[in-house]
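To start, the structure under review is shown below, and the notes come after it.
Note that the structure is a prediction, hence the values are computed from the model and not measured. To find a chain, count down the sequence lines: A is the first, B the second, and so on, and within it residues start at 1.
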Number of protein chains: 2
Amino acid sequence: MNSIRKQCCGGHQRTEDISAATDRLRSRDHKITGPRRGILEVLGKHRHPMTNKEILAALPTQECDLATVYRSIHLLLKMGLVQRFDFGDGIARFELVMDKAHRHHHHLVCTHCSKVIEIVDCFPEELEQKIASRNGFKSITHRLEFFGLCPDCHST
Amino acid sequence: MNSIRKQCCGGHQRTEDISAATDRLRSRDHKITGPRRGILEVLGKHRHPMTNKEILAALPTQECDLATVYRSIHLLLKMGLVQRFDFGDGIARFELVMDKAHRHHHHLVCTHCSKVIEIVDCFPEELEQKIASRNGFKSITHRLEFFGLCPDCHST
DNA sequence: ATCGCTGCAAAAATTTTGCAGGTAA
DNA sequence: TTACCTGCAAAATTTTTGCAGCGAT
């Protein structure tokens, strides 16, 4: 009944999610290397959409190349372990896919300080189906993000 | 009661919108030049989100530089005469703002052939307000785009 | 005549790719 | 060992900026 989850890094690693991800990688003949483990850990700790550069900067020992971050993210994206979000500034952001229940979700972003809050409310299913059938479309989904001024930014 | 407007270039220029735009520009000491008029006409004819490169390519005599398209679009964006949309591929797209009633709207994009249909259905107002107040946000809006397979692409 | 605008060119920022060597399995 | 992965470097894309000259008002 609560539309908010966690605003940011909860502190505790999402070890289950990360080991699930590494298992999935291994099962498809992909290797678990230092950079990949690091990237997964960064995404597991900061649980909000991050740019490739932010991911690189958050790596403990700056241990890999930006190109490797891009390549790893591509792989994780292709395997469905990571999801892309766009906040309207043209820079791609990525988030670790947790359990399936939260795979599809949205965000509320402060247009002033960029704070990000995860939102679980969603576009109404029946209306989406209406839109699909009215237009003869199938396999329809959506991307939805909210923008506004957070409490800190509109109170000053 | 109909969620679709026009799929693409309707053929007839939106002369009212374009002259309103040029008036607005002039009133703020901006000049109506060949490239600007051309860009406005292109946007008035192709009434769906276009990338800067597409706009350049659609200009009758290829009469201007890509940098000029970028600069003009920036200006039009700042003046609220043009709106930006993101279809999740990292390339910015722009559409001429028609009347205020259609200023805010969404699209249904075919993930296979990129066909774009304009959608007037919107995220429910009361739910948006709930999300805002639950999180203490103000001046909240949203970006919403739908993706799926169009009739042509899922029937084959 | 003035100030803004344009083209051209260069640069900045984001993302992709080639290749030789290194490493997980 | 073998196939995959990484770093480095270069390139491809998208977007921004500097500057001298042109052009709308």
Side-chain angles (χ1 to χ4, degrees), chain A residues 18-19 21-42 49-79 81-94 114, chain B residues 18-19 21-42 49-79 81-94 114:
Chain A
I18 293 175
S19 60
T22 54
D23 288 352
R24 186 93 175 280
L25 282 171
R26 249 189 288 264
S27 76
R28 301 220 194 156
D29 289 326
H30 290 123
K31 294 171 183 172
I32 309 306
T33 62
R36 285 188 185 166
R37 191 186 308 279
I39 290 165
L40 285 171
E41 280 170 7
V42 164
M50 296 179 81
T51 67
N52 283 295
K53 275 175 125 171
E54 286 169 347
I55 294 169
L56 178 67
L59 284 171
T61 56
Q62 192 84 9
E63 64 192 284
C64 86
D65 194 81
L66 184 55
T68 299
V69 178
Y70 274 95
R71 279 187 280 226
S72 298
I73 289 292
H74 268 121
L75 177 65
L76 295 171
L77 206 51
K78 202 176 62 183
M79 298 186 69
L81 299 172
V82 145
Q83 223 181 325
R84 173 181 175 148
F85 291 95
D86 290 274
F87 287 173
D89 62 356
I91 309 179
R93 277 159 230 265
F94 305 91
S114 299
Chain B
I18 293 176
S19 60
T22 55
D23 289 352
R24 186 93 175 280
L25 283 171
R26 248 188 289 264
S27 75
R28 302 220 192 156
D29 290 327
H30 289 122
K31 296 170 182 171
I32 309 305
T33 60
R36 286 187 184 166
R37 191 187 308 280
I39 290 166
L40 284 171
E41 280 169 7
V42 163
M50 296 179 81
T51 67
N52 282 296
K53 275 174 125 171
E54 286 170 347
I55 294 169
L56 179 68
L59 284 170
T61 56
Q62 191 85 10
E63 64 192 284
C64 86
D65 194 81
L66 184 56
T68 299
V69 178
Y70 273 95
R71 280 188 279 227
S72 298
I73 289 292
H74 269 121
L75 176 66
L76 295 171
L77 205 51
K78 201 175 61 181
M79 299 187 66
L81 299 171
V82 145
Q83 221 180 328
R84 173 180 173 147
F85 291 95
D86 290 274
F87 288 173
D89 62 356
I91 309 179
R93 277 159 230 265
F94 305 91
S114 299

- [ ] Kindly calculate the angle separating the two end axes of the helix from C:dA1-D:dT25 to C:dA25-D:dT1, each obtained from five base pairs, and round it to 10 degrees.
- [x] 40°

Task: Nucleotide D:dT16, atom P - distance to CD1 of B:Ile91 in whole Å - done: 14 Å

Open item on the list: Near DNA chain C, counting only heavy atoms under 4.0 Å, which residues of residues 65-75 of chain A show up?
Closed with: A:Leu66, A:Ala67, A:Tyr70, A:Arg71, A:His74

Task: Close side-chain approach of B:Asp86 and A:Phe87, heavy atoms under 4.5 Å - done: no

TODO: Take B:Lys53 and B:Gly34, find for each the nucleotide of DNA chain D with the closest heavy atom, and name the residue whose nucleotide sits nearer the 5' end.
DONE: B:Lys53

Task: Rounded interatomic separation in angstrom, taking CG from B:Leu56 and P from C:dG7 - done: 10 Å

- [ ] Look at A:Thr33 and D:dC5 and indicate whether a side-chain polar atom (N or O) is within less than 4.0 Å of OP1 or OP2.
- [x] no

Open item on the list: How many whole angstroms separate atom CD of A:Glu54 from atom P of C:dT15?
Closed with: 11 Å

Task: Nearest-angstrom distance from the residue atom CD1 of B:Ile32 to C1' of D:dA24 - done: 9 Å

Open item on the list: Just the rounded figure in Å: distance from C1' of D:dC4 to NZ of A:Lys78.
Closed with: 12 Å

Open item on the list: Quick check: do A:Leu56 and A:Thr68 have side-chain heavy atoms less than 4.5 Å from each other?
Closed with: no

- [ ] Measure from the side-chain N and O atoms of B:Arg36 to the backbone N and O of B:Lys31, and report whether any donor-acceptor pair falls under 3.5 Å.
- [x] yes

TODO: Find the distance A:Arg28:CZ to C:dA25:P and express it as a whole number of Å.
DONE: 17 Å

TODO: Report yes if the side chains of A:Ile32 and A:Leu40 come closer than 4.5 Å at any heavy-atom pair, otherwise no.
DONE: no

- [ ] Starting from C1' on C:dT14, measure out to CZ on A:Arg93 and report it in whole angstrom.
- [x] 13 Å

TODO: Using modelled atom types only, decide if a donor and an acceptor are shared between the side chain of A:Arg24 and the backbone of A:Met79 within a distance under 3.5 Å.
DONE: yes

- [ ] Go through the structure and list residues passing salt bridge (Lys or Arg N to Asp or Glu O under 4.0 Å) with B:Arg93, not counting sequence neighbours.
- [x] B:Asp89

Open item on the list: Please report the distance, rounded to the nearest Å, between CZ in B:Arg26 and C1' in D:dT25.
Closed with: 9 Å

Open item on the list: Nearest heavy atom decides the nucleotide; on that basis, is B:His30 or B:Asn52 closer to the 5' end of DNA chain D?
Closed with: B:Asn52

Task: Phosphate OP1/OP2 of D:dA3: any A:Lys31 side-chain N/O under 4.0 Å - done: no

- [ ] Heavy atoms only: give me the nearest A:Ala67-A:Asp65 pair and the separation to one decimal.
- [x] N-OD2, 2.9 Å

TODO: Indicate the atoms forming the closest heavy-atom contact of A:Met50 with A:Ala58, along with that distance.
DONE: CE-CB, 4.1 Å

TODO: Compare every heavy atom of B:Cys64 with every heavy atom of B:Val69, then report the nearest pair and how far apart it is.
DONE: CG2-SG, 3.8 Å

